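We name chains A, B, ... by the order of the sequence lines, and we start the count at 1 in each one. Model, not experiment: these values are computed from the prediction. Any value given below was found using the heavy atoms of this structure, including those in side chains, with hydrogens, waters and symmetry copies removed.
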Amino acid sequence: MSSFRVSGRGRVDHTQPIQFTFDGKKIKGFKGDTVASALLANGIHLMGRSFKYHRPRGAVTAGSEEPNALVGTRRGPGRFEPNTRATVQEIWDGLQVNSQNRYPSLSFDIGAINDKAYMLFSAGFYYKTFMWPKSFWDKVYEPFIRAAAGLGVSPTEPDPDHYASRYLHTDVLIIGAGPAGLAAAVSAARAGSRVTLVDENPEAGGSLLSEPSAMIEDMPAWDWVAKTLAELKELGVKVMTRTTAIGYYHQNMVGLCEKLTDHLASPDGETPRERMWRVRAKQVVLAQGALEKPLVFDGNDRPGVMLAGSAQTYLNRYGVRVGNKAVIVTSHDSAWYAAFDLADAGTTIAAIMDTRAEPNGDLVAEATKRGIRIMAGHTVTGTEGRLRIKSVRVNPITGSSVGAAEVIGCDCLLMSGGWTPSLHLFSHTKGTLKWDEERQTFLPDHKAEECEIAGAGRGLWGIEAVLNDGAEMGAAAVKSLGKTSKAASYAVANDRPGTGVSHKELPTDLDAGKARAFVDYQNDVTAKDLRLAVREGMRSIEHVKRYTTNGMATDQGKMSNINGLNIASDALGVPQPKVGLTTFRPPYTPTTFGAFCGYHKGSHFEVTRKTPIDSWAEENGAAYEPVSLWRRAWYFPKDGEDMHAAVSRECRATRASVGIFDASTLGKIEVVGPDAVEFMNRMYTNPWTKLAPGRARYGLLLGDDGFIRDDGVIGRLADDRFHVTTTTGGAARVLNMMEDYLQTEWPDLDVWLTSTTEQWATIALNGPNARKVLEPFVEGLDMSDEAFPHMSVAECRVGGFPARLFRISFTGEVGFEVNVPAHAGRALWEMLFEAGKKYDICPYGTETMHVLRAEKGYIIVGQDTDGTVTPHDAGLSWAIGKMKPDFVGKRGLARPDLVAEGRKQLIGLLTEDGKTKLEEGAQIVLDPNQPKPMKMVGHVTSSYHSDAAGRPIAMALLEDGFNRMGETIYIPMPDRVIKATVTGTVFFDPEGARLKL
Amino acid sequence: MLLIHCPYCNQTLPEAEFTYAGEAHIARPSDPSSVSDEEWRDFLFIRTNVKGPHYERWRHFHGCGRYFNAVRDTVSDRFLITYKTDDPRPELSKLLEKSK
Ligand SMILES: [Zn+2]
């Protein structure tokens, strides 16, 4: 094992070696290592190239906030994930890890030329450098940018994993299982509440895992963590690790993403990869701690430059020294402790530089005891080293002047710019933040949800302070649930409390305009970019953010936010709280699409509604089309037939003898009650009072704006009972509209509305022999033309099943629609089909239905209308009960625009050559030679080859169409202009002779 | 996901059971033929579009099916109250006082 691994140190299992590959090279680590800790144990800091400048980068953190060390991870075909944070991904035998955004190799990358050309890529470069000439955009700029910039490459194979989702209800949800979260959980659980404790790490403990020397209640910190977890288990607390709270939503709903298999060498195949939890908590305790800030100076992104707290974590949690010779630069006490731990583990600390002139005396004494050189009141002005830092340039600060530089050799530079409370989730709730002048950071202010913030999240520092605060916040949470809890009081020895100051970019004696002092590592935003944005007129922090892209990378500015704010505030000459903070949005860390999809993929993505006769259609080779959520038989091709041939045959067979059609998807609403007829009079345009029981009528439904909403045949079964049918897609909408008027406008009407769409199977028989096929099956009904004329309805038995039988036609032929209970649908269909064979009965689908109705000029709402069509426009003025005092849409029809001349009206079109079929949706012009853009006067709504008419037919909405009968209009297409003649909409049997028996 | 109180079921249930139904207290004129074009236009199209407390309608679509009224703050997305359709329009000042 390499010299960077400290034997016996950390929480990794030194007895369980693990081997994985990094860019094909074999790397050894231990169970419990992350990719980053294992690489660092092997002396490897260079893990990736930056997004824009392709600068060499190493891990700067040890956690989920990592901006630099993004890698691709692979586990066989389809299981590739780009942009995985090496600081989070646990290693297992056989894991394949690849660096990203480099060509041909990580150590030699051609794209790094961008770094030399950095002046081109300054803030707002999208808006400037690549603006002109326009023709360069497609061919030069965009390919160049795409090739040069970017994160990992998306996988191309389908994701073979599955993902789960669950709900969880809990009294208290505690987010973060560090000292504050653990103490809060103890308080809440001891009070008898149902408690859920979640943490994004593989194990609970948080910062305590990096502080093994602290003594809590006379117990080493790790023992205290173990003891506490055992107690929580005893108390029934649900502890979830590898679980990230990604978003905090209204009324204490929190989304959790639980990772279940990414850390396993061989998942069992049954366990989902990730599980999304939707948690509804009565109380939430946010105990997410704080994130360390980098310092901003020239070359602060070189591999080997790392946050001091992260170096401490690598040592104490993973047993890894991040270097042999470290320099510390800090503005906070915490980094001193990292230096001490490393020094005690054998790393040479070349110097501790504190930006403060007078660091804490106790710390100075501790450092002196270890023989560490102390440089108080110093700044860092540069670093050297191509793929790894080899020296750091430092200068003393006296007052406002920067003194002479000294160069100190090192193989790592550990920095700390202080700590930022993690308030991302708190901000999701629209909780407000308040600037804390002393700590130079934002702290929680007004709460918008039932939650408490504990520990470092509200600016506290030191284990004892944080533990006691967690205990109190846990007690406060259960108190508001009406339970009493006494918060435990914790005494901590070897605690490491501390304070610090906050900075903009560090002062330098060099040209600040040339400094590569990074604020946002992932998006390659420098201090200079932020100042440039302000110089160029950006005033709002939201504009500065978008212009520079500061904080817009996948880490959402976890590390860059406050540094960016400090610099913008300085450049604007406005204090930080006046500048404000940009908005945090979910998810807290990047989350897979799989976790959001959960079970909703493949056939579970959306329901497919099937009729009771669907299985027969499938067995008989139907081609399907989706109609709203239904799948409907489209046509029934015989051997070798294309759609055109099949539809022509189905049309011919129906008009020649008889066709059978599954109309079960039609919406059906039962309207019942003493006031049913009054309700129908008010809802539909037609008059219903005089419609006798046993008769049916075409019903037209408008909105109160006067436009057509829906239509369908409506049968009156009794004085107080109507069987209403709607379009397939309109069923739910129409019922909703009826309920709205009934409940809120006419609550005085005594009417019940019931959706019966799925209770009935509906079989339509059409054609001159339809009655002959049907009649033998009908009991209790005289089917003669006199007794049961066109537009009749009766309750009877058909094929032994109770039935509602309509004599209606959507084809122009003699037609019947038989409604039987859904379970009987297929049986009756098969009976009718068998009996129809001697009449060459032909099953047909929706396409033939469309052609047959178009030949008769029957409209389809939503195809021939579009929400701006009135009954008059559609040629349906006859369907309006003009004597009725009111109905929905009556007043709307009198609106000035609706009675104006020249509206678009539904007409027929016949192409002049008699052969060309128009395209549905094609635009119509009056003069094809007019200059472009041409004035479009309408569009084709329906267009088919008509076997009955012996030519293509079409319907169209055309301005002033009714006054253009016989005129020639033009349909310009990409390759030609088609001429057509305006006609009426009935193309077949205009007298309706075929409806008679 | 919001939790919404249905005043008919008297239960607080997930938003997924409900559908939004536009601004509340816009009564359809009892005799539409007697109103002017402008009045009818206002009834059809003109809405307050407030930033803040908004009187609006919801339907407990996947529950009891009833339409009901609510006051919801369009900034915070928080319900101040839900009430039955025939209940009087609650006074905003009292609601705001109660929510404090
Ligand atoms: Zn309800």
Flag if over 12 foreign heavy atoms under 6.0 Å of [atom1], [X]:
X	atom1	answer
A:K430	NZ	no
B:K94	NZ	no
A:E901	CD	no
B:F45	CZ	yes

Proximity breakdown for [X] and chain A, heavy-atom pairs closer than 4.5 Å:
X	result
B:S36	backbone
B:S76	backbone
B:L44	side chain

With a 4.5 Å heavy-atom cut-off, do [X] and [Y] have their side chains touching?
X	Y	value
B:D86	A:P747	no
A:M253	B:L3	no
A:Q251	B:M1	no
B:L2	A:Y249	no

Keeping the roles fixed (side chain from [X], backbone from [Y]), state whether a donor-acceptor pair exists under 3.5 Å.
X	Y	result
B:W40	A:A894	no
A:Q743	B:G65	yes
B:R28	A:T744	no

Name the region of [X], side chain, backbone, both or neither, that has any atom closer than 4.5 Å to a heavy atom of chain B.
X	value
A:F887	backbone
A:R280	side chain
A:D705	both

- Message: So, taking the atom named CD in A:E739 and the one named OH in B:Y67, what distance separates them when rounded to the nearest 0.5 Å?
- Response: 7.0 Å

- Between B:E39 and A:R891, is there a salt bridge with N-O shorter than 4.0 Å? no

- Task: With chain A as the partner chain, list the residues of residues 49-63 of chain B whose heavy atoms fall under 4.5 Å from it, by residue number, and write 'none' if nothing qualifies.
- Result: B:R57, B:R59, B:F61

